[in-house]
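Shown next, in structure tokens, is the structure this report addresses.
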Amino acid sequence: MLKITAEVEGMACGMCEAHINDAVRNTFSVKKVTSSHTRKQTTIITEQDISESELKNVIAKAGYQIISVRREPYEKKGLFSMLKG
């Protein structure tokens with residue numbers, strides 16, 4: 001799994017967050033997507049990588065701009081994760 005964090009310019013409210021989340025969900029196969037206008041970022045959890053240029057295009061069509069994209073491995077944290085190992 002992969003966690004993609006995008007710094008997004010132009011979000012001002014909860015509706016902006018919803019527009020971005022819907023655009024991402026409708027274009028890519030993702031496990032989870034959340035956006036925060038106060039932190040100016042969108043976080044995507046996915047099994048397949050999403051190209052930065054495709055992501056930028058989708059966000060731009062929704063009316064926002066990606067400033068930067070960061071990728072890191074994602075491991076689900078839950079009640080049973082501490083029992084592994």
Side-chain angles (χ1 to χ4, degrees):
M1 289 255 243
L2 188 63
K3 178 180 176 182
I4 301 170
T5 306
E7 184 183 339
V8 181
E9 275 296 322
M11 284 191 285
C13 64
M15 284 305 293
C16 296
E17 297 169 359
H19 288 143
I20 290 176
N21 293 347
D22 288 345
V24 170
R25 275 191 209 101
N26 292 333
T27 308
F28 306 107
S29 175
V30 298
K31 292 288 184 183
K32 183 177 181 182
V33 58
T34 56
S35 296
S36 169
H37 71 279
T38 55
R39 288 187 312 220
K40 296 183 178 182
Q41 65 179 228
T42 296
T43 304
I44 302 165
I45 306 298
T46 181
E47 290 183 347
Q48 290 142 7
D49 196 7
I50 297 170
S51 85
E52 190 169 330
S53 61
E54 283 183 83
L55 185 58
K56 283 183 176 183
N57 286 337
V58 167
I59 299 299
K61 284 180 186 174
Y64 307 92
Q65 181 183 4
I66 290 184
I67 304 302
S68 67
V69 176
R70 193 172 67 248
R71 290 173 168 74
E72 58 190 278
Y74 176 78
E75 191 173 310
K76 188 173 181 179
K77 294 174 178 53
L79 180 62
F80 300 105
S81 64
M82 64 184 135
L83 299 176
K84 293 180 184 175

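Atom CD1 of Ile44 and atom CD1 of Ile50 lie 4.5 Å apart (nearest 0.5 Å). To the nearest 0.5 Å, atom CG of residue Leu2 and atom CD of residue Glu47 are 10.5 Å apart. In this structure, CD in Glu7 is found 10.0 Å from CD in Gln65, a value given to the nearest 0.5 Å.
Among all heavy-atom pairs drawn from Ala6 and Ile66, the shortest one is CB-CD1, 4.1 Å. In terms of heavy atoms, Thr34 sits closest to Asn21 at C-OD1, 3.7 Å. Residues Ser35 and Met11 approach most closely at CB-SD, 4.0 Å, considering heavy atoms. Residues Ala62 and Ala23 share a closest heavy-atom pair of CB-CB, 4.2 Å.
Residues Ile20 and Tyr64 meet the side-chain proximity criterion, which asks for heavy atoms closer than 4.5 Å. The shortest side-chain heavy-atom distance between Ile59 and Val24 falls under the 4.5 Å cut-off. The shortest distance between side-chain heavy atoms of Lys31 and Tyr74 does not fall below 4.5 Å. Under the 4.5 Å side-chain criterion, counting only non-hydrogen atoms from C-beta, Thr27 is not in contact with Leu55. Between Val30 and Arg25, some side-chain heavy-atom pair lies under the 4.5 Å cut-off.
With hydrogens and angles ignored, the 3.5 Å screen pairs a side-chain donor or acceptor of Glu17 with a backbone N or O of His37. Judged by distance alone, the side chain of Thr46 and the main-chain N or O of Ser29 form a donor-acceptor pair under 3.5 Å.
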- Message: Does Lys40 form a side chain to side chain contact (heavy atoms under 4.5 Å, CB included) with Glu9? I'd like the steps, not just the answer.
- Response: CA-CA 6 Å; Lys40 296 183 178 182; Glu9 275 296 322; 3.9 Å; yes
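Summarising the local packing, CZ of Arg71 is surrounded by more than 12 heavy atoms from other residues, nucleotides or ligands at distances under 6.0 Å.
In terms of hydrophobic clustering, with Ile, Leu, Val, Met, Phe, Trp and Tyr side chains grouped at heavy-atom distances under 4.5 Å, Val69 and Val8 are assigned to a common cluster.
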